[in-house]
Novice: 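Would you mind keeping the following structure in view while I ask a few things?
Numbers here simply count residues along the sequence, with the first being 1. Ligands are counted one by one from 1 in listed order, and the atoms in each one are counted from 1 as well.
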Amino acid sequence: MAEIQAVRWDQEALVLLDQTKLPSQEIDFVAHTVDEVVDAVDRLVVRGAPALGAVGAFGVVVAMDQGARESWTADQLSQQILRVRNARPTAVNLAWGVDRVQPFAAQGRDEVLTQAHQIVVEDTAANRKLSELGADWILQRTGASKLRVLTHCNTGALATTGWGTALGVIRELHERGALDVVYVDETRPLLQGARLTAWELEREGIDYRVQADGAASSTILRGLVDFAIIGADRIARNGDSANKIGSVGVALACQAAGIPFMVAAPSSTVDLDTASGEEIEIELRDGAEVTQLAGVNIAPMGAQGFNPAFDVTPAKYISAIVTEKCVVEPKDSPDVSALVNGVNK
Ligand code: MRU
């Protein structure tokens with residue numbers, strides 16, 4: 001089966017698998033302009049921190065091409081690149097992707113494109129590696145041969161350039177014959193779990209159950225899962241980790257149940273310039289995403305929604321964080337720089 005490609009460069013344009021249409025339709029969204037890139041990021045046509053890293057990098061090429069077509073000044077080009085960089089605030093990867101390729105602009109647009117392709121190669125390789133390390137850690141920690149796992153949001157190939165992070169660890173366990181079943185939180189309000197994670201698991205032939213987000217703590221406390229694993233949008237230097245709203249509740253339930261709670265992410269998601277979770281900007285999205293479902297009102301007319309898209313799980317509730325470099329247990333490491341520098345274990 002062909003690997004899912006959420007982000008690709010094709011025929012001089014950024015091509016995105018439109019995740020707003022999944023699982024019912026597999027349609028591409030093609031971006032030739034900065035407006036289209038920003039719109040795609042804003043509407044979650046493309047989403048997930050590592051995928052946004054690639055979009056940031058390719059977005060610079062889109063801006064350079066549009067600038068050449070429309071004879072922008074250097075200032076105009078910088079402003080448009082900044083719009084890509086700031087299209088969503090919480091996932092550090094978006095800004096990281098822009099910042100990583102922008103210095104190559106002096107060498108020309110083709111070199112920036114080469115660097116963007118390089119990010120894709122490196123991200124997919126990082127996901128494969130962190131999946132192996134994460135699977136090793138959890139098998140060793142639990143001593144189990146078949147694991148029941150709970151996950152929140154979508155962290156698979158759709159959220160990355162390929163393979164996935166938390167879902168990558170789950171796929172790795174499946175390949176090793178060490179996976180029993182996956183409980184998939186539906187992930188209100190935009191249903192990344194029910195729509196996207198379930199779609200990926202279905203394709204992989206992995207046994208799963210979609211459950212309401214409100215079921216997660218009960219599933220954990222009833223002893224139905226052996227561990228929970230999520231991705232991250234930004235990991236602060238002290239290990240505090242931002243991820244999809246609802247993640248911290250999963251962590252607290254794991255703590256109460258005494259089971260491991262893991263965070264899996266490439267090192268590009270670790271932001272050593274951010275000291276703790278308190279400094280992480282949490283995206284506040286339109287309240288209508290909560291008060292409506294698929295465009296239909298589910299609350300009284302005039303009801304105000306409250307819609308933070310992410311939460312921060314304090315490091316003290318995280319059993320382990322894995323990147324492609326190593327596994328860090330935050331209780332032993334008040335500074336998680338090793339996740340980027342790969343020194344200790
Ligand atoms: O709003 P989204 O869908 O972009 O949120 C995505 C998440 O919260 C993911 O868990 C995170 O980006 C990690 S993706 C490997």
Novice: Hey, is D39 close enough to R43 for a salt bridge, meaning N to O under 4.0 Å?
Specialist: yes
Novice: Name the closest protein heavy atom to atom 9 (C) of ligand 1, giving the residue it belongs to and the distance to 0.1 Å.
Specialist: N243 OD1, 3.4 Å
Novice: In ligand 1, which numbered atoms sit nearer than 4.0 Å to a non-hydrogen atom of F310?
Specialist: 1 (O), 5 (O), 8 (O)
Novice: Show me which atoms of ligand 1 lie under 4.0 Å from any heavy atom of A159.
Specialist: 14 (S), 15 (C)
Novice: Taking only Lys NZ, Arg NE, NH1 and NH2, and the carboxylate oxygens of Asp or Glu, determine whether R171 and E175 approach each other closer than 4.0 Å.
Specialist: no
Novice: Taking only Lys NZ, Arg NE, NH1 and NH2, and the carboxylate oxygens of Asp or Glu, determine whether R109 and D65 approach each other closer than 4.0 Å.
Specialist: yes
Novice: Can you tell which of R88, R234, R285, K244 gets a heavy atom nearest to atom 4 (O) of ligand 1?
Specialist: R88
Novice: So does R237 pair up with D271, basic N to acidic O under 4.0 Å?
Specialist: no
Novice: Pull out every atom of ligand 1 sitting under 4.0 Å from any heavy atom of A49, numbered as shown with elements.
Specialist: 12 (O), 14 (S)
Novice: Side chains of K316 and K331, heavy atoms from C-beta outward: is any pair under 4.5 Å?
Specialist: no
Novice: Where on L44 is there a heavy atom closer than 4.0 Å to ligand 1, on the side chain, on the backbone, on both, or on neither?
Specialist: side chain
Novice: Please could you name the atoms of ligand 1 that Q192 approaches to less than 4.0 Å, counting only its heavy atoms?
Specialist: 1 (O), 2 (P), 3 (O)
Novice: Counting each atom of ligand 1 from 1 as listed, which ones have a heavy atom of T155 under 4.0 Å away?
Specialist: 10 (O), 15 (C)
Novice: Using a strict threshold of under 4.0 Å (side-chain N to carboxylate O), is an ion pair present between D213 and R188?
Specialist: no
Novice: Taking 4.0 angstrom as the limit and counting only heavy atoms of G48, give me the atoms of ligand 1 inside it, by number and element.
Specialist: 4 (O), 12 (O), 14 (S)
Novice: Is D233 in contact with ligand 1, taking contact as a heavy-atom separation below 4.0 Å?
Specialist: yes
Novice: Under a 4.0 Å heavy-atom limit, does C153 contact ligand 1 with its side chain, its backbone, both, or neither?
Specialist: side chain
Novice: Quick test: of every protein heavy atom, which one is nearest to atom 15 (C) of ligand 1, and how far off is it to 0.1 Å?
Specialist: T165 OG1, 3.1 Å
Novice: Return yes when A91 approaches ligand 1 closer than 4.0 angstrom through a heavy atom, no otherwise.
Specialist: no
Novice: Distance under 6.0 Å and angle within 45° of the ring axis: does R203 meet both against W199?
Specialist: yes
Novice: Do D99 and R85 sit within salt-bridge range, that is, some charged N less than 4.0 Å from a carboxylate O?
Specialist: yes
Novice: Is it the case that ligand 1 has an N or O less than 3.5 angstrom from some N or O of H152?
Specialist: no
Novice: Count the heavy atoms belonging to other residues, nucleotides or ligands that lie under 6.0 Å from CZ of R222, then report whether that count exceeds 12.
Specialist: no
Novice: Salt bridge check, D28 against K21: does any charged N sit closer than 4.0 Å to a carboxylate O?
Specialist: no
Novice: Please confirm whether A232 approaches ligand 1 to less than 4.0 Å, judged on its heavy atoms.
Specialist: yes
